[in-house]
Amino acid sequence: MTQGPYSQPSLQAMMEEVALQTYPAGTLYVVATPIGNIGDISLRALHVLAIADAIACEDTRNTAQLLTRYGLSKPLLAAHMHNEREAAEKLIARLQAGERIALVSDAGTPGVSDPGARIVDAVRAAGLRVMPLPGASAAVSALSASGLLHERFLFVGFLPAKAKQRETLLHSLRATAATLVFYEAPHRIVESVEALAATFESTRTVVFARELSKLFEELHRCPLAEASAWLTADPHRQKGEYVVLLEGAPEGGDADALEADRILSILLSECSVKQAATLAAQITGMKKNALYDRALQLGKQD
Ligand code: SAM
């Protein structure tokens, strides 16, 4: 390295220090990879990828490309959502034989809206060691730059594709005080934001975190009332990957009414309006007639 603030010897020394750390054999290393920018990977993650006996990955082509960028070449094992169980059995046998195996997804942290959780569960159940290698995740990156002040957040991830299921879930979140964190694909962003606008108070702040760490990165903050208009004002905004953050339930809002809505929404997905009102009255101690009227309104919104 000839230019820039870091000298080659100090980077080399850091890599050597990392290499001297302990990397137990017979361990599954859950390695976070970049969510867009090739530079967003830790030195320790790079070292683990370099020493692993094999890398289990969501898509072998994607991971092969990533490894090439880092000058690495490794045996790759497919571990995607359709073969997680069988993949886990093979990995367990190799780990029991003392191998070090890295688990990666296409982008970000495995197991976060990505395959990996089943494999980790099976490996742990087999009494084997699992070590996380911290790194990029779109949700945490979006939160860190959002400026939203709530200390708590609730990771919702992808909303269901079916409108009724999506609305039931969103209604169940109306009383949640924590910031809500959604993942969304470009072809569904407009529809999903319209569903948010139909469910939550229009004064809540929404943050769009688009294409984080990439060339067209954009962070936009506005009241929910303006969110759909912002999205549709420019066709580019309906492209790329999104994290959508929504401010939690307003303080001093009618918490009891919101909680009643949450309970009714869940019950309405399984029971009639009458049964939902009866059960909600037993759960909340609120008046059955009022709950019945509210259940009718919520039923109509679905
Ligand atoms: N495992 C990943 C993580 O740790 O964030 C998430 C994988 S999930 C299949 C992909 C979704 O994550 C995208 O649809 C988008 O909602 C979000 N995402 C991933 N990369 C992103 C980026 N660079 N900018 C904004 N959102 C991103």
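The shown structure was predicted, so the numbers you read here are calculated from the model rather than taken from an experiment. Each ligand, and each atom within it, is numbered from 1 in the order the structure gives.
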Does atom NZ of K214 have more than 12 heavy-atom neighbours from other groups under 6.0 Å away?
yes
Treating [X] as the side-chain partner and [Y] as the backbone partner, does any N or O pair qualify as donor plus acceptor under 3.5 Å?
X	Y	value
N62	D59	no
S272	Q275	yes
E184	V243	no
S192	I189	no

Hey, which atoms in ligand 1 end up nearer than 4.0 Å to a heavy atom of [X]?
X	answer
S113	7 (C), 8 (S), 9 (C)
A107	1 (N), 2 (C)
T109	1 (N), 3 (C), 4 (O)
E211	23 (N), 24 (N), 25 (C)
K214	23 (N)
A209	25 (C)

Any nitrogen or oxygen of [X] lying under 3.5 Å from a nitrogen or oxygen in ligand 1? Just yes or no.
X	value
A138	yes
I35	yes
E184	yes
A185	no
S213	no
S105	no

Between [Y] and [X], does any NZ, NE, NH1 or NH2 come within less than 4.0 Å of an OD or OE carboxylate oxygen?
X	Y	result
E211	K239	no
R262	E259	yes
R204	E201	yes
D53	R100	no

Identify the two heavy atoms, one from P34 and one from D40, that lie closest to each other, and give their separation to 0.1 Å.
CG-O, 3.5 Å
Shortest non-hydrogen separation from A32 to T109 and the atoms involved
CB-OG1, 3.7 Å
Starting from [atom], locate the nearest protein heavy atom and write down its residue, its atom name and how far away it is, to 0.1 Å.
atom	result
atom 5 (O) of ligand 1	Y183 OH, 2.6 Å
atom 20 (N) of ligand 1	E241 OE1, 3.4 Å
atom 7 (C) of ligand 1	D114 OD2, 3.4 Å
atom 15 (C) of ligand 1	Y242 O, 3.3 Å

Proximity of [X] to ligand 1 by residue part, where a heavy atom lies under 4.0 Å:
X	result
P110	neither
E217	neither
A142	neither

Using the ring of each side chain (for Trp, its six-membered ring), is Y183 parallel, tilted or perpendicular to F155, with breaks at 30° and 60°?
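Rings of Y183 and F155: perpendicular, over 60°.
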Would you call the rings of W230 and Y242 parallel, tilted or perpendicular if under 30° counts as parallel and over 60° as perpendicular?
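It falls in the perpendicular class, over 60°.
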So which of L212, L219, V244 gets nearest to atom 23 (N) of ligand 1, if we judge by its closest heavy atom?
L212
Taking the non-hydrogen atoms of S137, is any one of them nearer than 4.0 angstrom to ligand 1?
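Yes, that is the case, since the closest heavy atom of the residue is under 4.0 Å from the ligand.
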Would you say F158 contacts ligand 1, with heavy atoms under 4.0 Å as the rule?
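Within the 4.0 Å threshold, so yes.
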